[in-house]
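Here is the naming used below: chain letters follow the sequence lines, and residue numbers restart at 1 for every chain.
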There are 2 protein chains.
Amino acid sequence: MNSLNIENAEWKKFKHLFKQQDIPAKTILLNEGDIAKHVFYIKKGCLRIYFNHEGKDITFQFFFEGESVSSIESFRTNQPSLFTIESIEPCVIYSISKRNLQAITDTSPKIKEQIDQFTFERLVYYQKLFLSRIKNNPEKRYLELLENNPKIVLRVPQHYLASFLGITSVSLSRIRNRL
Amino acid sequence: MNSLNIENAEWKKFKHLFKQQDIPAKTILLNEGDIAKHVFYIKKGCLRIYFNHEGKDITFQFFFEGESVSSIESFRTNQPSLFTIESIEPCVIYSISKRNLQAITDTSPKIKEQIDQFTFERLVYYQKLFLSRIKNNPEKRYLELLENNPKIVLRVPQHYLASFLGITSVSLSRIRNRL
DNA sequence: AACATTTCTTTACAATTGTTATCGTCCGGG
DNA sequence: CCCGGACGATAACAATTGTAAAGAAATGTT
């Protein structure tokens with residue numbers, strides 16, 4: 001899910017079009033309000049995406065090794081991104097420009113197909129997140145996350161996690177305490 | 001948004017592949033757990049999609065005239081649908097089978113492109129719903145809905161609306177009373 | 001090593017929501 | 001025309017969450 005594995009044979013042909021970036025923690029790769037012009041692939045480390053709401057940062061997704069990240073709708077529509085992409089840990093990132101990715105999809109229908117599939121999987125992912133919000137209260141969402149994505153719980157600072165779960169870190173503390 | 005307008009020139013060529021259905025209120029077009037084999041276009045009326053959670057129906061989207069509906073991920077992946085599609089009012093529906101839609105997309109790259117765009121727009125829609133859940137409390141979500149989609153508020157029974165907003169109908173009553 | 005910053009926990013209080021139940025209204029079927 | 005079910009409003013109480021503040025623990029920096 002949400003993986004666009006660029007480390008297979010089909011992609012290797014285009015490896016020269018990717019630029020490697022070694023970045024420290026808390027580096028911003030895309031700012032909320034800017035137009036996305038790159039797609040990022042995480043070779044090592046983890047990222048979060050968040051937006052500012054009434055002065056507070058709200059984190060709403062995490063990404064790890066082997067996953068690709070972009071403000072997919074900004075990238076595609078040239079509208080300002082709704083969120084910021086930032087590293088949580090020091091990372092090794094492969095980035096590709098829109099122009100170069102376009103060159104690839106024009107050359108390889110197979111890769112275009114992969115990207116459409118990637119887009120589709122994000123649809124399903126957001127649908128599931130949305131359903132999880134509707135179905136469950138914060139405590140259940142936390143337990144669900146523990147079961148389905150323990151690595152997120154283990155690896156990510158707790159206040160980001162709380163934000164992701166839609167609660168305050170105070171409330172998350174209480175939930176953990178109850179269990 | 002979420003519109004796949006099948007009433008333009010490109011689609012008219014394939015009109016014979018659609019079947020018209022006149023259905024009363026509370027008719028189920030697709031059952032949760034079944035595999036979606038049709039896409040529905042609403043000529044008249046409105047539909048909701050919902051799933052059962054611990055004995056209760058949870059409504060999570062409404063559709064009106066001019067919109068297309070399917071369990072898009074079930075349709076595409078042949079997995080059981082996560083939700084039921086049901087009419088709220090008496091409706092006139094045009095439905096098309098997967099087989100026939102396949103025939104169309106194989107013939108018309110333009111329509112394939114439209115469907116990919118439709119899929120993409122649903123991605124953005126779910127993302128926005130998800131963000132709305134994160135950002136706003138139920139009262140704000142209600143006000144946001146009033147502003148952005150007043151027709152939903154006016155046209156849909158209140159307990160479906162409450163379910164959609166992620167609250168009980170009791171709580172929605174209170175919110176309306178406060179305003 | 002010492003200091004500053006960030007992160008996490010805890011407490012007390014206020015506000016919101018859920019639950020359960022009752023009651024009134026509306027609408028459609030018999 | 002009456003009756004039953006669906007729908008919406010309201011009340012009382014319990015449970016959960018948010019807010020604000022303070023302090024402890026962990027982390028990073030110089």
Only counting residues at least two apart or in another chain, list the ones meeting side chain to side chain contact (heavy atoms under 4.5 Å, CB included) with A:Arg99.
-> A:Ser97
Flag for B:Gln20-B:Tyr41: side-chain donor and acceptor within less than 3.5 Å = no
Indicate yes or no for a side-chain donor-acceptor contact from B:Ser81 to the backbone of B:Asp34 under 3.5 Å, with no hydrogens or angles considered.
-> no
Under 4.0 angstrom between A:Asn177 side-chain N/O and C:dT10 OP1 or OP2 | yes
Hey, what do you get for CD1 (A:Ile42) to CG (A:Leu47), rounding to the nearest 0.5 Å?
-> 3.5 Å
Using a cut-off of 4.0 Å between protein heavy atoms and nucleotide atoms, how would you tag nucleotides 23-30 of chain D 5' to 3' with B, S and -?
-> --------
In chain order, what residues pass the salt bridge (charged side-chain N to carboxylate O under 4.0 Å, His left out) check against B:Lys140, with sequence neighbours excluded?
-> A:Glu54
Take B:Glu32 and B:Asn52 through the test side chain to side chain donor-acceptor pair (under 3.5 Å) and record every step on the way to the result.
-> CA-CA 8 Å; B:Glu32 182 179 347; B:Asn52 191 285; 5.9 Å; no
Pair listing, salt bridge (Lys or Arg N to Asp or Glu O under 4.0 Å) test, anchored in residues 78-94 of chain B, at least two apart | B:Arg48-B:Glu86, B:Glu89-B:Arg155
For B:Glu147, all residues meeting side chain to side chain contact (heavy atoms under 4.5 Å, CB included), sequence neighbours excluded = none
Considering only distance and modelled atom types, tabulate donor-acceptor pairs under 3.5 Å from the side chains of residues 156-173 of chain B, sequence neighbours left out.
unit_1   : atom_1 : unit_2   : atom_2 : d
B:Gln158 : OE1    : B:Arg176 : NH1    : 2.3
B:Ser163 : OG     : B:Thr59  : N      : 2.7
B:Thr168 : OG1    : B:Ser171 : N      : 3.2

Check the side chains of A:Gln127 and B:Tyr125 for a donor-acceptor pair under 3.5 angstrom, ignoring hydrogens and angles.
-> no
Indicate for each nucleotide in nucleotides 16-30 of chain C, in 5' to 3' sequence, whether protein heavy atoms under 4.0 Å reach the base (B), only the sugar-phosphate (S), or nothing (-).
-> -BBBB----------
ILVMFWY clustering at 4.5 Å (side-chain atoms), partners of A:Ile28 | A:Tyr50
What residues, two or more places apart in sequence or in another chain, satisfy side chain to side chain contact (heavy atoms under 4.5 Å, CB included) together with A:Glu139?
-> A:Asn137, A:Leu143, A:Ile175, A:Arg178, A:Leu179
Show every donor-acceptor pair shorter than 3.5 Å between a side-chain atom in residues 108-120 of chain B and any protein atom, with sequence neighbours excluded, or say none if there are none.
unit_1   : atom_1 : unit_2   : atom_2 : d
B:Ser108 : OG     : B:Glu10  : OE2    : 2.8
B:Ser108 : OG     : B:Ile111 : N      : 3.1
B:Lys112 : NZ     : B:Asp116 : OD2    : 3.4
B:Gln114 : OE1    : B:Trp11  : NE1    : 2.8
B:Gln117 : OE1    : A:Arg76  : NH2    : 3.0
B:Gln117 : NE2    : B:Glu121 : OE2    : 3.4
B:Thr119 : OG1    : B:Ile115 : O      : 3.0

If an axis is fit to five pairs at each end of the helix from C:dA1-D:dT30 to C:dG30-D:dC1, what is the angle between the two, to the nearest 10°?
-> 40°
Rounded interatomic separation in angstrom, taking CG from A:Leu165 and C1' from D:dT17 | 14 Å
Name every residue in residues 145-161 of chain A that has at least one heavy atom under 4.0 Å from any atom of DNA chain C, in order of residue number, or write none if there are no such residues.
-> A:Pro157, A:Gln158, A:His159
